[in-house]
There are 2 protein chains.
Amino acid sequence: MAVTPAAVRDAATTLFAEKGYHGTALSEVAAHLGIRTPSLYNHMRSKQELLAEIVLDTSQQVWAEFGAAVDGRADVVDRLREAARVYALRHATHRREALIVNRDVASLAEPVLSQVLDLRRRHERAVRALIAEGVAQGRLAAEDPRTASFGLLEMCVSVARWFSPDGALSAQDVAEQYSDFALRVAGLRDPD
Amino acid sequence: MAVTPAAVRDAATTLFAEKGYHGTALSEVAAHLGIRTPSLYNHMRSKQELLAEIVLDTSQQVWAEFGAAVDGRADVVDRLREAARVYALRHATHRREALIVNRDVASLAEPVLSQVLDLRRRHERAVRALIAEGVAQGRLAAEDPRTASFGLLEMCVSVARWFSPDGALSAQDVAEQYSDFALRVAGLRDPD
DNA sequence: CCTACCGATCGGTAGG
DNA sequence: CCTACCGATCGGTAGG
């Protein structure tokens with residue numbers, strides 16, 4: 001199989017997720033592809049750029065998926081449920097990227113670090129606003145929308161740490177269960 | 001201030017939490033203490049042993065705290081609430097250790113790695129058993145105790161990622177809120 | 001895609 | 001507690 005920039009990035013994604021950014025040597029990425037370390041530089045600029053691409057792309061996709069999830073839904077509980085569902089689903093289906101984002105974000109250089117933190121902040125605030133709106137409408141009973149948004153988002157993130165595609169539950173099953181969990185955390189009295 | 005084994009470990013805990021195990025050089029640990037790298041070896045055996053001690057001690061304390069939390073409580077919902085409360089509280093008050101355990105456990109060598117994974121597995125299964133017992137008694141409505149135990153425990157773990165002692169909420173406040181979240185995830189219909 | 005090689009830095013030891 | 005130093009490995013470059 002031909003080595004391409006995408007193949008290098010995929011190998012790096014697997015290894016960074018397994019051993020961490022600093023715990024992975026480029027020689028290991030090269031060995032995973034069956035080439036020598038210097039040959040990697042035909043397909044990438046640096047180890048740092050590899051990390052930056054993986055983390056920034058993932059963070060942008062999370063934000064885009066949130067927008068698509070809430071767009072066109074009138075009911076605030078439906079919007080929150082769908083936002084939690086796609087977030088949990090992503091963490092079951094893109095486990096490697098999720099582990100890297102949450103483990104190695106501090107190893108990013110500027111300006112990418114700020115971009116990623118900004119996207120994450122926007123996402124959290126948007127979810128917090130949904131919870132606050134639900135409370136204002138009397139649909140949710142969260143006493144502190146900020147703590148609830150942290151709790152429910154990070155719970156969805158953690159799916160990446162235990163989910164296995166070989167288990168009894170599909171990614172969709174888990175995402176459904178977690179969207180129920182999320183609504184309960186936000187204080188929905190009678191989930192479904 | 002005299003450099004002691006405890007001081008070396010504390011400096012390593014701060015730096016490992018900040019930059020990761022592989023991202024931290026022993027020269028940084030030494031600089032943090034105002035000494036040269038070789039002098040560290042008067043107070044420790046190796047970088048790996050430093051990590052092993054931090055992670056194993058923390059994991060053993062988690063298991064001991066769980067035992068103390070459920071011991072002597074008759075009501076299964078009370079036991080689950082208290083187990084979640086002490087777990088969340090620990091992740092607010094021992095943030096550095098929690099971040100290291102969850103980020104660098106894969107960098108551990110045997111036999112400590114197996115010991116830590118075993119302690120973690122016992123904790124999860126004990127929580128899962130509490131949920132199952134609550135369901136059997138009709139007190140909880142979790143449809144899948146395993147998924148619920150993962151969700152609720154990992155939610156508590158994530159406190160270490162956002163909590164700040166300088167914020168408006170105390171560690172105790174957050175632990176109280178999270179123990180409510182945990183019971184809701186487990187399907188308690190009318191949390192307090 | 002390779003070999004050959006660079007300076008820097010790593011964890012750790014010798015010896016005092 | 002230090003200086004001096006070890007072999008190994010790191011990310012990356014030269015040059016083909």
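Chain naming here is simple, since letters A, B, ... match the order of the sequence lines and numbering starts at 1 in each. Atom set for the values below is all heavy atoms of this structure, side chains included, hydrogens, waters and symmetry mates excluded.
Listed by first then second residue, pairs satisfying salt bridge (charged side-chain N to carboxylate O under 4.0 Å, His left out) with a partner in residues 18-43 of chain B read B:Lys19-B:Glu28, not counting sequence neighbours.
By the criterion of side-chain heavy atoms lying less than 4.5 angstrom apart, applied directly or through intervening Ile, Leu, Val, Met, Phe, Trp or Tyr residues, A:Trp162 is not grouped with A:Leu89; the two fall into different hydrophobic clusters. Under a hydrophobic clustering in which Ile, Leu, Val, Met, Phe, Trp and Tyr are joined whenever their side-chain heavy atoms come within less than 4.5 Å, directly or via other members, A:Leu99 and A:Val55 fall into different clusters.
Regarding A:Glu28, its CD atom lies at a distance of 15 Å from the P atom of D:dG12, rounded to whole Å.
Between A:His123 and A:Tyr87, the gap from one ring centroid to the other is short of 6.0 Å.
Residues forming a salt bridge (charged side-chain N to carboxylate O under 4.0 Å, His left out) with A:Glu97 (at least two apart in sequence, or on another chain): none.
Defined by atom type and a distance below 3.5 Å, a donor-acceptor pair is missing between the side-chain atoms of B:Ser39 and B:Asn42. A donor atom on one side chain and an acceptor atom on the other are not found under 3.5 Å apart for B:Ser59 and B:Arg120.
Of all heavy-atom pairs between A:Arg73 and A:Asp78, the closest is CD-O, 4.0 Å.
Taken residue by residue, residues 4-15 of chain A places no heavy atom nearer than 4.0 Å to DNA chain C. A heavy atom closer than 4.0 Å to some atom of DNA chain C occurs in B:Pro38, B:Tyr41, B:Ser46, B:Lys47, these being the qualifying members of residues 33-51 of chain B.
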Open item on the list: As a check on the pairing definition, encode DNA chain D in dot-bracket form, counting Watson-Crick and G-U wobble pairs whose two distances are under 3.5 Å, and using | for partners outside this strand.
Closed with: ||||||||||||||||
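A salt bridge is defined here as a Lys NZ or Arg NE, NH1 or NH2 lying under 4.0 Å from an Asp or Glu carboxylate O, and A:Arg128 with A:Glu124 meets this definition. Classification of A:Asp75 and A:Arg79 as a salt-bridged pair fails, no side-chain N sitting under 4.0 Å from a carboxylate O. In summary, B:Arg9 and B:Asp57 engage in a salt bridge, as defined by a charged side-chain N under 4.0 Å from a carboxylate O.
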Kindly give the atom pairs (protein nitrogen or oxygen, nucleotide nitrogen or oxygen) under 3.5 Å for nucleotides 7-9 of chain C.
none

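With hydrogens and angles disregarded, no donor-acceptor distance shorter than 3.5 Å links the side chain of A:Gln177 to the backbone of A:Phe181.
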